[in-house]
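Since the model is a prediction, treat every value here as computed from it, not as a measurement. These values consider heavy atoms only, across backbone and side chains, with no hydrogens, waters or symmetry-generated copies.
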Amino acid sequence: MRLWPVVGAVLPQAMAIALSPVPMVCIVLVLMSRRPVRAGLSFAAGWVGALAIAVGLVAWLTDTVAEKNADAARDGVDLIQLAVGVLFAVLAVRYWRKRPEPGAPPPRPAVVDRIATMAAPALVLTGAAAALANLKNLPLVVSAASYIGGAGLAPGTTVIAAGIFVLAASATVLTPLLAVAIMGPDRSAPTLKSIETWLLANLNTITVILLAVLATVMIGNSLDLFR
């Protein structure tokens, strides 16, 4: 298989990671702290580093299995995608049932009230945790990385595909950081505040929509298992 079809197949997972509302809120709050660029770089380093390590490890393991038994590796990738799709369908129903009552304020994630005061090492760890330590992102990483590793690409091409995936998944972390670095904290603050307010108000709705769309995509991609 060539590079770009593989990249195209895993872009939905990358975009779903990038559009995760809680990490988006985290990077916005970090960029509204006293040292926004330094704090943002720390958070971004943890996020990108965790994604890169996880994607590289899973892709390498899948590639190793595929060298010995390509059919088993392909079935394994399809099975992972099916399991992740079913998990997301269940989570979508769960989040929908837990949605706030009309007019009630949405619950705030616990990290929101602490992240703006964290030191750089804590922000690196928080960025890594935001990337992987939740029920949505980790299955997406495993699914995408196993697809990349099982695609039969040359080693260098596999690294490029993994790198594109990580960059795409990091778009909503790196883009605001770059914008604040260019425009300056004062000019960026009103926009960041508006984004924070909107994200917190619509956190549950965004999550439900993402999970429902992802469940459909992942289950559809896994149907090759029943060939």
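Gln81 has its side chain within reach of Gln13: a pair of non-hydrogen atoms, C-beta onward, lies under 4.5 Å apart. Contact annotation: the side chain of Leu91 never approaches that of Lys136 to less than 4.5 Å [non-hydrogen atoms, C-beta and beyond]. Phe43 is not listed as a side-chain neighbour of Val124, based on a closest heavy-atom distance of 4.5 Å or more. Between Val180 and Pro176, every side-chain heavy-atom pair lies at or beyond the 4.5 Å cut-off. Contact check for Leu79 versus Ser222: no side-chain heavy atoms found under the 4.5 Å cut-off. With contacts defined as side-chain heavy-atom distances shorter than 4.5 Å, the pair Ile148/Phe165 qualifies. Residues Leu199 and Ile206 have side chains in contact (heavy-atom distance under 4.5 Å, counting atoms from C-beta outward). Using a 4.5 Å heavy-atom threshold, the side chains of Leu200 and Pro21 count as separate.
Taken to the nearest 0.5 Å, the CE atom of Met118 stands 11.5 Å off from the OG atom of Ser33. Going from atom CE of Met24 over to atom OG1 of Thr175 covers 10.0 Å, rounded to the nearest 0.5 Å. In this structure, CE on Met218 lies 10.5 Å from CG on Asp78, to the nearest 0.5 angstrom. Considering CG of Asn221 and OG1 of Thr216, their distance stands at 10.5 Å, rounded to 0.5 Å. If you take CD1 on Ile160 and CH2 on Trp4, they are separated by 8.5 Å, rounding to the nearest 0.5 Å. Taking CG of Asp75 as the reference point, atom CG of Leu82 lies at 12.0 Å (rounded to 0.5 Å).
Hydrophobic clustering (ILVMFWY, side-chain heavy atoms < 4.5 Å, transitive): Leu210 and Met15 are in distinct clusters. Cluster annotation: Val65 is not connected to Val55 through the hydrophobic network of ILVMFWY side chains, with a link wherever side-chain heavy atoms come within less than 4.5 Å. Val28 and Trp198 fall within a single hydrophobic cluster, where Ile, Leu, Val, Met, Phe, Trp and Tyr are joined by side-chain heavy atoms under 4.5 Å apart, directly or via other members. No chain of hydrophobic side-chain contacts below 4.5 Å, direct or via other Ile, Leu, Val, Met, Phe, Trp or Tyr residues, connects Leu125 to Trp47. Criterion: ILVMFWY side-chain heavy atoms under 4.5 Å apart, direct or through other members. Under it, Leu87 and Tyr147 are part of a common hydrophobic cluster.
The other members of the hydrophobic cluster of Ile182, by chain and number, are Leu178 (side-chain heavy atoms under 4.5 Å, ILVMFWY only). Taking Ile, Leu, Val, Met, Phe, Trp and Tyr as members and joining any whose side-chain heavy atoms lie under 4.5 Å apart, directly or through other members, the hydrophobic cluster of Ile209 also contains Val213, Val217. As a member of the Ile/Leu/Val/Met/Phe/Trp/Tyr network built from side-chain separations under 4.5 Å, Leu61 groups with Leu57, Trp60.
Judged purely by atom type and a 3.5 angstrom limit, Thr157 has no side-chain atom pairing as donor or acceptor with the backbone of Leu153.
Closest non-hydrogen pair, Gly40 versus Leu31, comes out as CA-CD2, 4.2 Å. The two atoms that bring Pro23 and Ala130 nearest to each other are CG-O, 3.9 Å, heavy atoms only. The shortest non-hydrogen separation linking Ser143 to Val84 is CB-CG2, 4.5 Å. Considering every non-hydrogen atom in both Ser170 and Val48, the closest pair reads OG-CG2, 3.6 Å. Residues Gly184 and Ser188 approach most closely at O-OG, 2.8 Å, considering heavy atoms. Here the closest non-hydrogen pair linking Ser42 and Ala120 is OG-CB, 3.4 Å.
Residue-environment remark: CZ (Arg99) exceeds the threshold of 12 foreign heavy atoms within 6.0 Å.
Evaluated for a side-chain contact (heavy atoms from CB on, under 4.5 Å) with Leu132, the options Asn137, Ile17, Val141 yield exactly one hit, Val141.
Looking only at atom types and distance, the side chain of Thr158 has no donor-acceptor partner in the side chain of Asp63 under 3.5 Å away.
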